[in-house]
**Student:** 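Have a look at the structure that comes next, please.
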Amino acid sequence: QVQLVESGGGLVQSGGSLRLSCAASGNIFRINAMAWYRQAPGKQREWVAGFTSGGRTNYVDFVKDRFTISRDNAKNTVYLQMNSLKPDDTAVYYCNADIKVGPLGEEYNYWGQGTQVTVSS
């Protein structure tokens, strides 16, 4: 079994910062792509930022220059540093990863349970 556990969400004022973490655990052979998504009330879940399997980072336009994704491979953890937060950033943030598991290295896609980020004006 593989689990993704997010942490670091909370309530912050507009202009503030938060750092989200997502730790993967379990029978992990190798973690490939990892990404952050978010879902605001009444809206569809949307991709925010991610690592490709080749290690490149990509961001959705509305978070460029404000959010930074990073990873610690030794800890199987991905981070999302969020600066200059706006009320529109209020959402549940989810971690997503493509992970090869077990001795045969079959790849599956996993989601975390989400962490709430609330930005007050």
Side-chain angles (χ1 to χ4, degrees):
Q1 289 286 352
V2 172
Q3 280 191 318
L4 299 180
V5 178
E6 300 103 333
S7 60
L11 174 63
V12 65
Q13 288 189 331
S14 182
S17 299
L18 284 173
R19 188 192 192 207
L20 306 183
S21 299
C22 171
S25 63
N27 190 20
I28 299 170
F29 180 74
R30 184 173 67 243
I31 299 176
N32 291 330
M34 296 188 80
W36 288 96
Y37 287 73
R38 71 185 189 186
Q39 187 167 17
K43 295 186 177 181
Q44 289 188 332
R45 191 172 299 188
E46 60 185 357
W47 177 85
V48 175
F51 280 98
T52 66
S53 58
R56 289 186 63 180
T57 58
N58 293 293
Y59 300 90
V60 68
D61 284 347
F62 55 76
V63 305
K64 282 182 179 177
D65 300 325
R66 298 191 299 125
F67 291 8
T68 303
I69 189 171
S70 61
R71 64 192 291 179
D72 184 334
N73 292 329
K75 295 181 178 180
N76 290 332
T77 299
V78 64
Y79 305 95
L80 187 67
Q81 178 67 43
M82 306 186 294
N83 299 326
S84 303
L85 283 163
K86 307 173 183 180
D88 285 348
D89 294 318
T90 296
V92 178
Y93 284 72
Y94 296 90
C95 178
N96 179 269
D98 293 327
I99 298 176
K100 288 185 178 289
V101 301
L104 297 180
E106 294 180 320
E107 183 174 285
Y108 297 94
N109 185 262
Y110 294 91
W111 288 94
Q113 83 288 350
T115 185
Q116 176 70 47
V117 171
T118 303
V119 184
S120 63
S121 57

**Student:** Could you tell me which non-hydrogen atom of Pro87 sits nearest to which non-hydrogen atom of Ser121, and how far apart they are?
**Tutor:**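 Closest heavy-atom pair between Pro87 and Ser121: CG-CB, 3.9 Å.
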**Student:** Heavy-atom count around Glu107 CD within 6.0 Å, excluding the residue itself: above 12?
**Tutor:**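 Buried by this count: over 12 neighbours within 6.0 Å.
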**Student:** One thing to verify: whether Lys86 and Asp89 come together as a salt bridge, which I'm taking to mean a side-chain N less than 4.0 angstrom from a carboxylate O.
**Tutor:**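 Looking at Asp89 and Lys86, the cut-off is not met.
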**Student:** Quick one: does Tyr94's side chain have a donor or acceptor within less than 3.5 Å of a partner on Glu6's backbone?
**Tutor:**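 The answer is no, because no donor-acceptor pair under 3.5 Å joins these two groups.
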**Student:** For residues Ala49 and Leu80, report the shortest heavy-atom separation together with the two atoms involved.
**Tutor:**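 Residues Ala49 and Leu80, closest heavy atoms: CB-CD1, 4.3 Å.
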**Student:** Would you give the length of the straight line joining atom CG of Leu18 to atom CD of Gln81, rounded to the nearest 0.5 angstrom?
**Tutor:**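 If we round to the nearest 0.5 Å, Leu18:CG and Gln81:CD are 8.5 Å apart.
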**Student:** Does any N or O in the side chain of Thr115 come within less than 3.5 Å of the main-chain N or O of Ser7, such that one atom is a donor and the other an acceptor?
**Tutor:**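 No; judged by distance alone, with no hydrogens or angles, the pair does not exist.
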**Student:** When you compare the side chain of Asn96 with that of Trp47, does any pair of heavy atoms fall below 4.5 Å?
**Tutor:**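 Result no, sub-4.5 Å side-chain heavy-atom pair not found.
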**Student:** Are Val117 and Leu11 connected in a single hydrophobic cluster, I mean Ile/Leu/Val/Met/Phe/Trp/Tyr linked by side-chain heavy atoms less than 4.5 Å apart?
**Tutor:**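 No; Val117 is not reachable from Leu11 via cluster members.
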**Student:** Quick one, Trp36 and Met82 - any side-chain contact, counting heavy atoms below 4.5 Å?
**Tutor:**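 SC-SC contact between Trp36 and Met82 ruled out.
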**Student:** If you take all heavy atoms of Tyr110 and Leu4, which pair is closest and at what distance?
**Tutor:**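 That closest heavy-atom pairing would be O-CD1, 3.4 Å.
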**Student:** Determine whether a donor-acceptor pair (N or O, by modelled atom type, separation under 3.5 Å) exists between the side chain of Glu46 and the backbone of Arg38.
**Tutor:**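 Such a contact is absent between Glu46 side chain and Arg38 backbone.
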**Student:** Taking a hydrophobic cluster as the set of Ile, Leu, Val, Met, Phe, Trp and Tyr residues connected by side-chain heavy atoms closer than 4.5 Å, whether directly or through intermediates, do Ile28 and Trp111 fall within one such cluster?
**Tutor:**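 Yes, one cluster joins them.
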**Student:** If I take atom CE from residue Met34 and atom CG from residue Asn76, how far apart are they, to the nearest 0.5 angstrom?
**Tutor:**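 The CE atom of Met34 sits 7.5 Å away from the CG atom of Asn76.
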**Student:** Got a sec: does the CG of Asn109 have more than 12 other heavy atoms crowding it under 6.0 Å?
**Tutor:**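 Result for CG/Asn109: enclosed.
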**Student:** Can you confirm whether Tyr108 sits close enough to Val2 that some side-chain heavy atom of one is under 4.5 Å from a side-chain heavy atom of the other?
**Tutor:**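 Sidechains of Val2 and Tyr108: no contact.
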**Student:** For Phe67, run the side chain to side chain contact (heavy atoms under 4.5 Å, CB included) check against Asn83, Val60, Leu85 and tell me which one passes.
**Tutor:**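 That would be Leu85.
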**Student:** Between Thr68 and Tyr59, which heavy-atom pair has the shortest distance, and what is it?
**Tutor:**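 Closest approach of Thr68 to Tyr59, heavy atoms only: CA-OH, 3.4 Å.
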**Student:** Quick check against the 3.5 Å criterion: does Glu106 have a side-chain atom that pairs as donor or acceptor with the backbone of Val101?
**Tutor:**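 No, the answer is negative, given that no donor and acceptor are paired below the 3.5 Å cut-off.
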**Student:** So if you build clusters from Ile, Leu, Val, Met, Phe, Trp, Tyr with side-chain heavy-atom gaps below 4.5 Å, do Ile69 and Tyr79 land together?
**Tutor:**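 No; Tyr79 is not reachable from Ile69 via cluster members.
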**Student:** How would you list all residue pairs meeting disulfide bond (SG atoms under 2.5 Å apart) that involve residues 52-121, not counting sequence neighbours?
**Tutor:**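 Residue pairs with at least one partner in residues 52-121: Cys22-Cys95.
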**Student:** Test of understanding: clusters of I, L, V, M, F, W, Y form through side-chain heavy atoms closer than 4.5 Å, transitively. Do Leu20 and Phe62 belong to the same one?
**Tutor:**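 Yes.
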**Student:** How far does CD1 of Ile99 sit from CZ of Arg30, to the nearest 0.5 angstrom?
**Tutor:**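 If we round to the nearest 0.5 Å, Ile99:CD1 and Arg30:CZ are 11.5 Å apart.
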